[in-house]
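Here is how names work: the chains are called A, B, and so on, in the same order as the sequence lines, proteins then strands, and each is numbered from 1. Note that the structure is a prediction, hence the values are computed from the model and not measured.
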Protein chains: 2
Amino acid sequence: MNAAQDKFKNFEHIFFPKSIAVVGASAHEHKLGNGFLGALVHAGYKGKLYAVNPAGGNIFGLDVYPSVQAIPGPVEYVIVVIPRQGVLKLLDDCAEKGVKAVQFFTAGFSECGEEKWKQVEQEMVKKARAGGFRIVGPNCVGVYSPANIQPLGFIDKVGEVGPVAFVAQSGGHAERFLEYGLSRGIGFSKAVSFGNGSDLDSSDYFEYLASDPQTQILASYLEGVKDGRRLFQLIKEINKTKPAVIWKGGRTKAGAQAAASHTASLAASDAVWTGALRQAGAIKVESLEEMGDTVQILHHLGKFRGNRVCILAGLTGGGGGESVSATDACVGTGLEVPPFDEDTRTRLSAIVRQEGTIQRNPLDIGGLGSNLDILGNTLQLLDSTTNMDLLILNINVGSILRMSPPGRLWEMMSLFVEFKRNSKKPLVVVSYPGLSEANRLEVEDFLAKASVPVFPTIDRAARALMNTLGYWEFRDRLEQDGGRPCIDKETHVRSADN
Amino acid sequence: MNAAQDKFKNFEHIFFPKSIAVVGASAHEHKLGNGFLGALVHAGYKGKLYAVNPAGGNIFGLDVYPSVQAIPGPVEYVIVVIPRQGVLKLLDDCAEKGVKAVQFFTAGFSECGEEKWKQVEQEMVKKARAGGFRIVGPNCVGVYSPANIQPLGFIDKVGEVGPVAFVAQSGGHAERFLEYGLSRGIGFSKAVSFGNGSDLDSSDYFEYLASDPQTQILASYLEGVKDGRRLFQLIKEINKTKPAVIWKGGRTKAGAQAAASHTASLAASDAVWTGALRQAGAIKVESLEEMGDTVQILHHLGKFRGNRVCILAGLTGGGGGESVSATDACVGTGLEVPPFDEDTRTRLSAIVRQEGTIQRNPLDIGGLGSNLDILGNTLQLLDSTTNMDLLILNINVGSILRMSPPGRLWEMMSLFVEFKRNSKKPLVVVSYPGLSEANRLEVEDFLAKASVPVFPTIDRAARALMNTLGYWEFRDRLEQDGGRPCIDKETHVRSADN
């Protein structure tokens, strides 16, 4: 076995272990050691599952072993939820048992700023090296691997397997991003929150995911990096075939100080990250929402070209103001909202009456959207326009319910989904919050399951579309250049000056 | 009666009519003429309500009259939902009947670009002048007046009466803003969507609301204005005592073209609006969400000073990443996130353990937030800090449910509300969407009813806080200058150059 294969074998132990022990397992509900074990049990982890606690007993029907060594069979992966005082002894036990990887929720090491605990963290890595196993964390929520039914932290379910991998230097953001993804029909290949990354760092996970055939889209929240040159080189390689969406926490000075306290990260300046990520062709985002929105577009729309949007402003009235603000939002972000051509206008006037409608782009069809024939014919017409690349539909579920016969909402949404299956242009829906929230959530779930991207504001939709368009343009340039890495002039000049 | 009193009397007919007739009332559910009448019936309008339709019959238990003249009693306000061909004849009927104001949902006039219908719109105004009544619209959803149980359009309920007035040149945005407000505990004095504003324009409504004692906060969506000088002078006057939040649609060239098609508005450039609104001390916003968010802060927090925020990053774990991104969002917007002083750090270390917590600002108390004693003591301590002005609490309802005993979520939220009642510092909550949406919506409703501002992202919270802080600083400067209108240097210089 060569070095590369060996390296990937480490990750197989992390993302596909056949046995897991939770050390610090607790019978007390809502204790941390109960939550980790409970999530594995309730999600339905298929491998051998063991609980470890000196107190013994039985939790979720599992016998509790006093130590890792006391477990009868082999243990591939260990999840640690004990106080920091016990971690070095535990690692000796793990080495003796022959485990392959250890994940530490346990925190209070280098990130707390005390020399003593910084040294303990270094000692942990030494023990891992000597014992021939790897460490995930410490100070992390750890792994999510739906194909192996490994849930993330306390979230006791796994979603569909899909193309998105997420690498996060924050357990909270990992959970929130997973929640975003699961509620928007996004499938994950695997995710990991790696905390302090004392052994395996972002670069290690990126390297594995670069060659992981299940991963086609990489998203990451980072606070710092040990070896920036290696990371950016990896991102540049990844971006040639898989879009990388990077959210760098600590872009402000105060934010960087918070990052140092969180994961002991020493961050380079935001300008350095911005330049390096741009040169690597990565999509740099500034919030969890923007990261999720961008991944949603990448996941649901795949590759598409062209920034000219066709906007259906309102379906059941109220589309006039929306036509103005949607245009402002799109054009303000860099999308184009071109006028309909003569042919489209002529055909449109045969579908909708003049009174109370605005027959331009954005199109306001007054209250006619709840007429399924008119809605269907209008969508077909918009899909056939030759000078537009994308379709954005604005919906207000409350308004549809007020203005339409019972059941019509679902007929309209089914029509959207059917249209999406056959349409030539990518379709995006903006669904506004209001007074019919339960119905709105049902609608969004329905659309998400059909891989229709849904956003709560037009601004967020426009930004996500521009982010992805920028990436696909980067890929086009790369292909035109015959695969030569794209040099960003601005960054290039700046580094030449140094 | 002097001219000013007479002018305000017009508005009393619009916002407090004792009788309303819906012309074009329909028995067919989900027809427009059914929706307007139904909303009045279901909301419980207390005045005399009449239905008019040549077809006759009975709708919602009301006799249908063939014409306005056929109504036996007096009619103060008329809502028109008939095709445009019939409006001039109807206005003759209204004049004969002695009505005081007529609201036109009917559209297809100057905004459609045809000379014929532009002239009809002018003729309508002439008939109103001659008949001694006023027109609301045309091309609008009209009035919302909760004190008089006048619902907006098809929304068949009215909320609490409160200090916010909304003036909108779009029915759709009026509805959406009302939905935002009702779901966030915002009380309205009155709202109006005035469409083309052929008779009464934004300036007229602003003038009335400036002297309306029920109105303490003015929000407005505008696409254009007939007399800019008058409008800006009014906004300048209003801002001396009531914050005006203005969203100007059509800030991009393409958006302005959409506005021309929507309400026949000819917009001045965005730079002119920006300069004039800044000089008038108005809060200029760029989206419906930003308008709602800003009004939410104004409504719930009243006047406050200081941009130094104290952030509680996470209550039940996952606060580490949040502490970084919340800092970035706040500092990036212009808020400050100062460090705790020595005394606070000392007292804090007596409340929360070191391991797994980050005892700085933002504060991450690890998973300890579900311990009510610790949570309460922590909030009290943060409230007592002398170098902070505001408190922002981050919550993830899904995480709280996963990490806490049953029922604890509501105990924590009750603790928030109790804390808010007695706290010295204004309190803002950021509540992240996730996988527990039904519970999240319940929580947000509970907090909103207790006048706690709630936002779905930290970026939106930070922006809204900065917007309102800017306004209160403007007021402070104004008072220091002894009431002299504040001259904005940048704008002043620019206009001096012309």
Side-chain angles (χ1 to χ4, degrees), chain A residues 29-30 32 35 84 107-108 112 154-155 170-173 175-176 179 182-183 221 223 249-252 254-255 258-259 261-262 287-289 314 317-325 327-328 331-332 337 354-356 358 360 362 367 396 398-399 402-405 432 434-435 437 441 457 459, chain B residues 29-30 32 35 83-84 107-108 112 154-155 170-173 175-176 179 182-183 221 223 249-252 254-255 258-259 261-262 287 289 314 317-325 327-328 331-332 337 354-356 358 360 362 367 396 398-399 402-405 432 434-435 437 441 457 459:
Chain A
E29 255 195 272
H30 302 285
L32 296 165
R84 58 184 170 176
C112 77
F154 279 43
I155 300 176
S170 155
H173 287 330
E175 287 184 355
R176 278 227 281 133
E179 292 200 52
L182 294 180
S183 65
Y221 169 76
E223 294 185 352
R251 68 174 192 272
T252 62
S261 298
H262 176 217
S287 68
L288 191 134
E289 293 78 25
E322 214 52 67
S323 72
V324 178
S325 47
T327 303
D328 279 344
V331 172
V337 186
Q354 185 194 36
E355 201 178 340
I358 308 177
R360 62 195 309 286
N396 177 333
S399 170
R402 287 192 293 274
M403 313 289 276
S404 312
Y432 295 104
L435 289 173
E437 293 297 274
L441 294 171
T457 74
D459 300 80
Chain B
E29 256 195 272
H30 302 284
L32 297 164
R84 58 184 169 176
C112 78
F154 278 44
I155 300 176
S170 154
H173 287 329
E175 287 184 354
R176 276 225 282 136
E179 291 199 52
L182 294 180
S183 65
Y221 169 76
E223 294 184 353
R251 68 174 191 271
T252 62
S261 298
H262 176 217
S287 68
E289 294 78 26
E322 215 51 67
S323 72
V324 179
S325 48
T327 303
D328 278 343
V331 173
V337 186
Q354 187 194 33
E355 202 178 339
I358 307 177
R360 62 194 311 284
N396 178 334
S399 170
R402 286 191 293 274
M403 313 289 276
S404 312
Y432 296 103
L435 289 173
E437 293 297 273
L441 294 171
T457 74
D459 300 81

Highest number of heavy-atom pairs under 4.5 Å with chain A among B/Asp328, B/Leu435, B/Val337 belongs to B/Asp328

Heavy-atom pairs under 4.5 Å with chain A: which of B/Ala254, B/Gly398, B/Gly35 has the most?
B/Ala254

Determine the option with the most heavy-atom pairs under 4.5 angstrom with chain B, choosing from A/Pro405, A/Cys112, A/Pro362, A/Gly367.
A/Pro405

Let me know if A/Arg402 has heavy atoms under 4.5 Å from chain B in its side chain, its backbone, both or neither.
both

Turns out that what part of A/Leu32 lies under 4.5 Å from chain B's heavy atoms comes down to side chain

Sidechain N-carboxylate O distance under 4.0 Å for A/Arg251, A/Glu223
no

Region of A/Ser287 in contact with chain B, defined by heavy-atom distances below 4.5 Å
side chain

Residues in ring pair (Phe, Tyr, Trp, His ring centres under 6.0 Å) with A/Tyr221, at least two apart?
A/His173, A/Trp247

Under 4.5 Å, counting heavy-atom pairs only, tell me which of B/Ser183, B/Ser325, B/Ser323, B/Gly171 racks up the most with chain A.
B/Ser325

Chain B contacts, top residue of A/Gly319, A/Gly314, A/Gly321 (heavy-atom pairs, under 4.5 Å):
A/Gly321

Largest heavy-atom contact set with chain A, pairs under 4.5 Å, which of B/Ser170, B/Gly108, B/Gly434
B/Gly434

Max heavy-atom pairs within cutoff under 4.5 Å with chain B, candidates A/Leu288, A/Asp459, A/Thr457, goes to A/Thr457

Taking A/Gln354, A/Glu175, A/Glu437 one by one, which has the highest count of heavy-atom pairs under 4.5 Å against chain B?
A/Gln354

Name the member of A/Thr327, A/Asn396, A/Leu182 that forms the most heavy-atom pairs with chain B at distances under 4.5 Å.
A/Thr327

Can you tell me how far apart CG (A/Leu441) and CG (B/Leu441) are? Round to the nearest 0.5 Å.
5.5 Å

Among B/Glu29, B/Glu322, B/Glu289, B/Arg176, the residue with the most heavy-atom pairs under 4.5 Å to chain A is B/Arg176

Greatest number of non-hydrogen atom pairs under 4.5 angstrom with chain A, of B/Ala107, B/Ser399, B/Ala258, B/Gly172, falls to B/Ala258

If you take all heavy atoms of B/Val324 and A/Gly255, which pair is closest and at what distance?
CG1-O, 3.6 Å

